[in-house]
Amino acid sequence: MKAKLVVLSGAGISAESGIRTFRDSDGLWENYRVEDVASIDGWYRDPEMMTRFYNERRAQLEHCQPNAAHVILADLEVFFNVVIITQNVDNLHERAGSKQVIHLHGELTKACSEHGKKQVHDIGYRAMKYGERGADGALLRPFIVWFGEDVPMLAVAIEEMQTADHVLIIGTSLNVYPAASLYHYAPKHAQLWMIDPNDTQPVQRPITHIRAKATEGMKQWKNLVLPDNL
Ligand code: OAD
């Protein structure tokens with residue numbers, strides 16, 4: 001049986017694909033304060049601006065490509081049972097070929113009703129028009145888990161973490177909960193790894209930190225973990 005590799009990815013893995021991280025530029029995300037464009041309060045304050053903001057992110061995503069880090073993770077499925085738990089709302093893991101991807105914070109290419117996330121619509125890369133309504137008659141909104149909202153995929157993510165042999169934390173500052181605490185659910189025998197060029201919030205378990213950008217770090221990780229000839 002293949003060993004299980006559970007990956008917790010964050011914005012840093014997509015940085016080399018041209019998508020900016022959240023906290024590397026003074027708390028500004030594409031010139032907006034994260035709190036303004038990533039909270040449910042922001043939506044109620046100015047849904048039109050939020051619709052425009054996520055339209056821009058979606059349009060940008062269409063022209064970004066997965067980088068070598070996404071591709072190595074997809075290729076690792078030959079050797080490991082790989083489950084990716086991502087905080088990212090982009091689809092670069094899927095486009096690189098990863099089969100098991102759990103999106104904790106939603107997905108840019110989807111929309112849902114303002115009244116709940118039960119009905120989710122694929123919208124691809126198209127711009128949403130403010131005022132569009134779903135089947136329940138409520139306003140459609142981006143399918144994003146904003147600050148102040150539940151994280152519906154949390155239970156599934158915890159379950160996957162509980163059976164990990166390796167946990168690889170890549171490109172996340174570990175500032176946002178509950179994602180940042182998921183590694184606590186990994187069994188004692190699991191080996192913990194981190195790939196990040198910078199310091200993150202401290203991890204309360206022994207961990208091997210590869211201080212490199214995602215693409216270089218994934219190459220190093222693969223060389224460390226897989227036997228020479230693979
Ligand atoms: P952050 O912006 O907080 O952290 C990005 C991490 O990536 C930092 O630790 C950087 O050092 C690292 N980094 C930068 N460039 C990198 C590279 N080329 N390769 C590898 N690592 C690199 O982003 P997240 O931790 O993902 O939530 O943020 C978590 C959540 O906060 C997001 O999902 C988002 C945000 O608010 C929502 O929108 C709900």
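Whatever order the structure lists them in is the order used to number ligands and atoms, beginning at 1. Not measured: the values here are computed from a predicted model.
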Original post:
Relative to the heavy atoms of Gly10, which atoms of ligand 1 are at a distance of less than 4.0 Å?
Top reply: 26 (O)
Original post:
Which of these, Val176, Ile170, Thr21, has its nearest heavy atom closest to atom 30 (C) of ligand 1?
Top reply: Val176
**OP:** Record the part of Val34 in heavy-atom contact with ligand 1 below 4.0 Å; permitted values are side chain, backbone, both and neither.
**Re:** side chain
Subject >> Salt-bridge criterion met for Lys213 and Glu216 (N-O under 4.0 Å) >> reply: no
Subject >> Inter-residue atom distance Gln201.CD - Ser181.OG, 0.5 Å rounding >> reply: 12.5 Å
Subject >> Short N or O distance, Ala214 and ligand 1, threshold 3.5 Å exclusive >> reply: yes
Subject >> Shortest heavy-atom approach to atom 11 (O) of ligand 1 - which of Val89, Asp196, Leu104 >> reply: Asp196
Original post:
Should Ile85 and Leu182 be marked as a side-chain contact (heavy atoms from CB on, under 4.5 Å) after you check the CA-CA gap, both sets of side-chain angles, and the distance that decides it?
Top reply: CA-CA 10 Å; Ile85 302 169; Leu182 271 174; 3.9 Å; yes
Subject >> Between Glu56 and Gln60, a side-chain donor and acceptor under 3.5 Å >> reply: no
Subject >> Sole residue of Ile170, Asn223, Ile210 in side-chain contact (heavy atoms from CB on, under 4.5 Å) with Met218 >> reply: Ile170
Original post:
Taking only heavy atoms of Thr172, which atoms of ligand 1 are found under 4.0 Å from at least one of them?
Top reply: 6 (C), 9 (O), 24 (P), 25 (O)
Original post:
Which heavy atom in Gly97 sits nearest to a heavy atom in Ala74, and how many Å separate them?
Top reply: C-CB, 3.8 Å
Original post:
Any N or O on Ser173 sitting closer than 3.5 Å to an N or O of ligand 1?
Top reply: yes
Original post:
Taking Arg141 as the fixed residue, which of Glu48, Glu149, Glu114, Glu132 is the one that meets the salt bridge (Lys or Arg N to Asp or Glu O under 4.0 Å) rule?
Top reply: Glu149
Original post:
Polar-atom distance check: Ile144 versus ligand 1, any N or O pair below 3.5 Å?
Top reply: no
Original post:
What heavy-atom pair brings Asn198 and His209 nearest, and what distance separates the two atoms?
Top reply: O-CE1, 3.3 Å
Original post:
ligand 1 versus His105, non-hydrogen atoms closer than 4.0 Å: side chain, backbone, both, neither?
Top reply: side chain
Original post:
Does Ile195 reach ligand 1 with a nitrogen or oxygen that is under 3.5 Å from one of the ligand's nitrogen or oxygen atoms?
Top reply: no
**OP:** Identify whether the distance between the nearest side-chain nitrogen and carboxylate oxygen of Lys4 and Glu160 falls below 4.0 Å.
**Re:** yes
**OP:** Pull out every atom of ligand 1 sitting under 4.0 Å from any heavy atom of Phe147, numbered as shown with elements.
**Re:** 36 (O)
Original post:
Going by the order shown, which atoms of ligand 1 are within less than 4.0 Å of some heavy atom of Gly171?
Top reply: 5 (C), 6 (C), 7 (O), 21 (N)
Original post:
Which one of Asn88, Leu92, Val101, Ile195 satisfies the side-chain contact (heavy atoms from CB on, under 4.5 Å) criterion with Ser9?
Top reply: Asn88
Subject >> Per-atom contacts, ligand 1 versus Asn198 - under 4.0 Å to a heavy atom >> reply: 10 (C), 11 (O)
**OP:** Enumerate the atoms of ligand 1 whose separation from the nearest heavy atom of Val145 is less than 4.0 angstrom.
**Re:** 39 (C)
Original post:
Heavy atoms only: which of Arg23, Gln201, Gln87, Met194 is nearest to atom 31 (O) of ligand 1?
Top reply: Arg23
